[in-house]
Undergrad: 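One structure, as structure tokens, below. Some questions next.
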Amino acid sequence: MKSFLNCRQLSLSDSDKRHICHLTSVHPRYDTRIFLKECRSLARAGYKVSLVVADGNGDEFREGVTIYDVGPAKNRLDRMANTTKRVFIKAASLNAGIYHLHDPELLSAGLKLKNLRKKVIFDSHEDVPKQIFSKFYLNRPSRWLAAQVLAVYEALACRRFDAIVATTPFIREKFLGINPLTVEVCNFPIPGELQAASGWHSKQQAVCYVGGIDENRGIREMVLAMSMLKCGARLQLGGLFSEPETEAEVKGYAGWSRVDALGYLDRAGVRDVLARSVGGMVTLMSTPNHNIALPIKMFEYMSAGIPVIASHFPLWRDIIKKNDCGICVDPYKPSEIASAIDFLISHPDKAEQMGKNGLLAVQNRYNWSIEEEKLLSLYQRLSA
């Protein structure tokens, strides 16, 4: 309570307007968007940057960013009830000029910071009210009610904030009706980060998937597809399962014998996997959020110069067809996924050209250097 009362005595007038504090109660400290892109970009631009996290790995200073750890949550309920409070108290004690929130559960912290006369940005990584509809552990009426309540609360909070950062054009359009200072900063790759020096001749008969692993991201269909292949390709599977039941199920499929489960990969590990793969999988299931998303893994595959095997959602199909950088499939049909893998393995010249096309598209349009300028322009406006 004493810490909170001390926080209430702070104001923008006695804070450092060039001090920016990012907050997350959910994401890891080296999150690609939060740390590798936004925090590092701001630090390079001369801002004092702090990042408050809740992962239990302690405080540290890295690449111009001071990371403060408030300790991990015991479970989901503890995270919602207690971790968010610890994140707020620590962030407020830093007395920064601008606070940048990355989780919907920190909206309440943003409102408290506004009461302290701080400038607050909400970074909407995805449309969370829509995301709730894919939470199948809730029954349909509960999902609808939760989505409606969150949508109303999100709108009320974001009207008070100083700016909204949106990761896609669709999310930007949604928030423009709530807060006129909404800026689209897409989560595109850092140029050259995942591009390997080795050429196509060093590729193996393998495709890859890197990211969170669950049924909504199509793990069942990917593994089923591996048992239908005519070629001898293997699936390089990077990431962690979030659903133990689904993990146990797919490990019982015949196709699992063609899967190399690599677990969590750091950025160097991701680059190595992409370097030996002839294609990257992003066959996510159709959900309200997936259909309008710009998944970072798709653009990271392109940035590494490998073709994409992607769900045939209209937005994704337009990008892939326009740039001739991959194959679109019905994510619910393992046979289509298998056919796409067979095609890339049996047509190496075409696969290599698709990879080059994707790389060129990232270099010209879908890259962080362009998005970084939007972020820095927003901060220049808010810190003036």
Side-chain angles (χ1 to χ4, degrees), residues 27 31-34 36-38 41 100-104 107 121-134 147 150-151 154-155 157-159 161-191 211 216-217 280 282-303 308 310-326 328 331 357-382:
H27 294 84
D31 180 85
T32 303
R33 177 174 179 83
I34 299 172
L36 292 182
K37 295 174 184 174
E38 294 182 337
S41 291
H100 194 134
L101 318 177
H102 289 277
D103 310 311
L107 291 173
I121 298 170
F122 176 56
D123 198 320
S124 183
H125 295 198
E126 53 194 342
D127 192 328
V128 178
K130 284 185 177 180
Q131 184 190 39
I132 289 176
F133 286 108
S134 63
L150 180 56
E154 181 184 66
C158 290
R159 283 192 182 96
F161 295 163
D162 297 272
I164 307 297
V165 172
T167 55
T168 72
F170 293 92
I171 295 176
R172 178 178 178 270
E173 287 301 314
K174 165 192 164 179
F175 278 103
L176 276 175
I178 297 170
N179 190 316
L181 187 51
T182 297
V183 178
E184 177 190 327
V185 180
C186 297
N187 200 24
F188 292 148
I190 299 170
N216 268 339
R217 292 178 171 89
V282 57
T283 51
L284 279 57
M285 301 289 98
S286 177
T287 69
N289 255 344
H290 289 167
N291 295 349
I292 60 172
L294 294 173
I296 179 59
K297 61 173 62 66
M298 180 166 76
F299 297 99
E300 287 186 340
Y301 297 153
M302 293 164 61
S303 75
V308 179
S311 301
H312 61 354
F313 308 146
L315 175 62
W316 301 9
R317 186 171 59 239
D318 288 347
I319 293 171
I320 289 171
K321 280 195 170 184
K322 179 174 67 176
N323 295 290
D324 189 20
C325 61
C328 290
N357 294 343
L359 175 58
L360 184 62
V362 168
Q363 291 172 339
N364 291 338
R365 169 66 184 92
Y366 307 112
N367 67 76
W368 178 247
S369 296
I370 295 173
E371 303 307 302
E372 177 186 58
E373 292 302 316
K374 303 177 190 176
L375 181 73
L376 295 180
S377 178
L378 173 63
Y379 268 97
Q380 186 176 19
R381 176 173 177 176
L382 290 180

Undergrad: Please identify which of these residues, N187, V282, L294, meets the side chain to side chain contact (heavy atoms under 4.5 Å, CB included) condition with F299.
TA: L294
Undergrad: Is any side-chain heavy atom of K174 closer than 4.5 Å to a side-chain heavy atom of T182?
TA: no
Undergrad: Is it true that a side-chain atom of K37 and a backbone atom of E372 form a donor plus acceptor pair closer than 3.5 Å?
TA: no
Undergrad: Mind checking whether I34 and H125 have side chains closer than 4.5 Å, heavy atoms only?
TA: yes
Undergrad: Give a yes or no on whether the backbone of I171 and the side-chain of D127 come within a donor-acceptor separation of less than 3.5 Å.
TA: no
Undergrad: D103 and H27: side-chain donor and acceptor closer than 3.5 Å?
TA: yes
Undergrad: Does some side-chain heavy atom of E38 sit less than 4.5 Å from a side-chain heavy atom of D123?
TA: yes
Undergrad: For residues P191 and S369, report the shortest heavy-atom separation together with the two atoms involved.
TA: CG-OG, 3.4 Å
Undergrad: Do the side chains of V185 and R33 get nearer than 4.5 Å, heavy atoms only?
TA: yes
Undergrad: Are the side chains of I292 and F313 in contact, using a 4.5 Å heavy-atom criterion?
TA: no
Undergrad: Donor-acceptor pair, distance only, cut-off 3.5 Å: does the side chain of E371 make one with the backbone of C186?
TA: yes
Undergrad: Between E300 and K297, does at least one N-O distance fall below 4.0 Å, as a salt bridge requires?
TA: no
Undergrad: Starting from the C-alpha separation in whole Å, work towards a yes-or-no answer on salt bridge (charged side-chain N to carboxylate O under 4.0 Å, His left out) for E154 and R159.
TA: CA-CA 9 Å; E154 181 184 66; R159 283 192 182 96; over 6 Å; no
Undergrad: Under 3.5 Å, side chain of S303 to main-chain N/O of V362, donor-acceptor pair present?
TA: no
Undergrad: Look only at the side chain of S377 and the backbone of E373, and say whether a donor-acceptor pair between them is shorter than 3.5 Å.
TA: no
Undergrad: Can you tell me if N323 uses its side chain to pair, donor with acceptor, with the backbone of I319 under 3.5 Å?
TA: yes
Undergrad: So do N367 and I370 actually touch side chain to side chain, heavy atoms under 4.5 Å?
TA: yes
Undergrad: What's the verdict on side chain to side chain donor-acceptor pair (under 3.5 Å) for N216 and T287, showing C-alpha distance, side-chain angles and the deciding distance?
TA: CA-CA 8 Å; N216 268 339; T287 69; over 6 Å; no
Undergrad: Looking at W316 and C328, would you say the former's side chain and the latter's main chain have a donor-acceptor pair under 3.5 Å?
TA: no
Undergrad: Counting only N and O atoms by type, is there a donor-acceptor contact under 3.5 Å from the side chain of H290 to the main-chain atoms of M285?
TA: yes
Undergrad: More than 12 heavy atoms of other residues, nucleotides or ligands under 6.0 Å from CZ of R317: yes or no?
TA: yes
Undergrad: Is the shortest side-chain heavy-atom distance between S41 and W368 below 4.5 Å?
TA: yes
Undergrad: Side chains of I121 and L378: does their closest heavy-atom pair fall under 4.5 Å?
TA: yes
